[in-house]
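Quick notes on the structure that follows.
Predicted model only: the values in this text are computed from it and were never measured. Computed over heavy atoms, backbone and side chain alike; hydrogens, waters and symmetry mates excluded.
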Amino acid sequence: QVQLIESGGALVQAGDSLRLSCALSKQTFSMYTMAWFRRAPGKEREFVATIGWSGGSTRLANSVKGRFTISRNNAKNTVYLQMNSLKPKDTAVYYCAARYFGDTSYFDKDYTYWGQGTQVTVSS
């Protein structure tokens with residue numbers, strides 16, 4: 001059974017940085033394409049970033065390009081979301097997602113496994 005455990009969410013001020021982590025409970029982590037999505041209060045879940053199983057392909061939502069970076073450490077079965085220059089509009093619950101051996105995708109329906117989410121709140 002695949003489990004995703006997110007961590008790193010916090011209350012921060014605008015302009016601060018934060019790094020989210022997501023650990024996958026499988027030794028075959030290197031074969032999973034990983035992604036981050038977020039859901040802001042009163043809004044639908046939206047794509048944030050994705051990284052391919054090989055680590056060679058990454059995609060970011062336009063709203064976070066230049067501020068967020070996605071990376072992975074296959075030796076630690078962990079994917080990261082480095083968030084810089086945070087803005088109040090980044091406030092959301094951030095979810096980690098995984099799909100086995102698939103291409104990177106912007107669509108949440110393409111991901112099989114989901115974490116419980118971690119809250120990020122950015123105050124102005």
Side-chain angles (χ1 to χ4, degrees):
Q1 183 176 359
V2 175
Q3 290 186 318
L4 298 173
I5 307 296
E6 301 108 330
S7 61
L11 169 62
V12 297
Q13 293 186 331
D16 285 352
S17 297
L18 201 60
R19 188 177 79 161
L20 304 182
S21 300
C22 173
L24 185 145
S25 63
K26 279 287 188 180
Q27 294 303 314
T28 54
F29 171 77
S30 62
M31 301 181 79
Y32 286 82
T33 289
M34 305 297 295
W36 290 94
F37 288 78
R38 67 186 181 187
R39 187 192 301 273
K43 295 187 177 182
E44 294 186 354
R45 186 166 58 190
E46 65 173 0
F47 167 78
V48 177
T50 182
I51 184 166
W53 57 272
S54 69
S57 174
T58 61
R59 298 185 184 183
L60 294 167
N62 288 335
S63 59
V64 305
K65 281 182 180 177
R67 299 188 299 123
F68 290 13
T69 303
I70 187 170
S71 62
R72 65 190 297 157
N73 186 330
N74 288 343
K76 294 185 176 181
N77 291 0
T78 301
V79 62
Y80 305 98
L81 184 68
Q82 178 67 44
M83 305 185 293
N84 299 328
S85 302
L86 282 161
K87 304 175 181 180
K89 68 177 182 179
D90 295 317
T91 294
V93 177
Y94 283 71
Y95 297 92
C96 179
R99 66 182 304 202
Y100 182 73
F101 218 48
D103 293 334
T104 54
S105 172
Y106 299 115
F107 303 108
D108 57 4
K109 66 178 180 61
D110 290 333
Y111 294 86
T112 308
Y113 306 102
W114 292 83
Q116 294 299 308
T118 185
Q119 177 70 48
V120 173
T121 303
V122 185
S123 64
S124 57

Notebook entry, point to check: Which other residues belong to the hydrophobic cluster containing Tyr95, where Ile, Leu, Val, Met, Phe, Trp and Tyr are joined when side-chain heavy atoms lie under 4.5 Å apart, directly or via other members?
Noted result: Phe37, Phe47, Val93, Tyr106, Tyr111, Trp114

So, taking the atom named [atom1] in [X] and the one named [atom2] in [Y], what distance separates them when rounded to the nearest 0.5 Å?
| X | Y | atom1 | atom2 | answer |
| --- | --- | --- | --- | --- |
| Asn73 | Tyr80 | CG | OH | 5.0 Å |
| Lys76 | Ser21 | NZ | OG | 9.0 Å |
| Tyr32 | Tyr100 | OH | OH | 6.5 Å |
| Gln13 | Ser124 | CD | OG | 9.0 Å |
| Thr78 | Leu4 | OG1 | CG | 10.5 Å |
| Thr28 | Asn74 | OG1 | CG | 10.5 Å |

What is the minimum heavy-atom distance between [X] and [Y], and which atoms define it?
| X | Y | result |
| --- | --- | --- |
| Leu60 | Ala49 | CD2-CB, 3.3 Å |
| Pro88 | Ala14 | CD-CB, 4.1 Å |
| Ser105 | Asp110 | OG-OD2, 2.5 Å |
| Arg39 | Lys43 | CG-O, 3.2 Å |

Checklist line | Partners passing side-chain contact (heavy atoms from CB on, under 4.5 Å) against Val120 (at least two apart in sequence or in another chain) | finding: Leu18, Leu20, Met83, Tyr94, Val122

Item checked: Under the side-chain contact (heavy atoms from CB on, under 4.5 Å) test, residues paired with Ser57 that sit two or more places apart -> Thr104

Check: Of Ile70, Thr69, Thr50, which is the lone residue that meets side chain to side chain contact (heavy atoms under 4.5 Å, CB included) with Thr58?
Finding: Ile70

Under the rule for side-chain hydrogen bond (donor to acceptor under 3.5 Å, both in side chains), what residues qualify as partners of [X], not counting sequence neighbours?
| X | answer |
| --- | --- |
| Asp16 | none |
| Glu46 | Arg38 |
| Lys65 | Asn62 |
| Gln82 | Asn84 |

Decide whether [X] and [Y] are clustered together by the hydrophobic rule: side chain heavy atoms of Ile, Leu, Val, Met, Phe, Trp, Tyr closer than 4.5 Å, transitively.
| X | Y | answer |
| --- | --- | --- |
| Met34 | Met31 | yes |
| Leu86 | Leu11 | no |
| Val2 | Val79 | yes |

Note to self: My understanding is that only residues two or more places apart in sequence, or in another chain, count here; which of them pass ring pair (Phe, Tyr, Trp, His ring centres under 6.0 Å) with Phe107?
What the structure shows: none

Note to self: I need the full list of disulfide (SG to SG under 2.5 Å) pairs touching residues 5-105, with sequence neighbours left out, sorted by first then second residue.
What the structure shows: Cys22-Cys96

Looking at [Y], is its backbone amide N or carbonyl O close enough to the side chain of [X] to form a donor-acceptor pair, meaning the two atoms are under 3.5 Å apart?
| X | Y | answer |
| --- | --- | --- |
| Gln116 | Glu6 | no |
| Arg72 | Thr33 | no |
| Ser123 | Val12 | yes |

Next item on the list: Could you pull out all residues at least two apart from Arg59 that satisfy salt bridge (charged side-chain N to carboxylate O under 4.0 Å, His left out)?
Entry: none

Next item on the list: Mind checking salt bridge (charged side-chain N to carboxylate O under 4.0 Å, His left out) for Arg19 and listing every partner two or more places apart, or none if nothing turns up?
Entry: none

Next item on the list: Give a yes or no on whether Gln119 atom CD has more than 12 heavy-atom contacts from other residues, nucleotides or ligands under 6.0 Å away.
Entry: yes

Checklist line | salt bridge (Lys or Arg N to Asp or Glu O under 4.0 Å) pairs, two or more places apart, involving residues 91-105 | finding: none

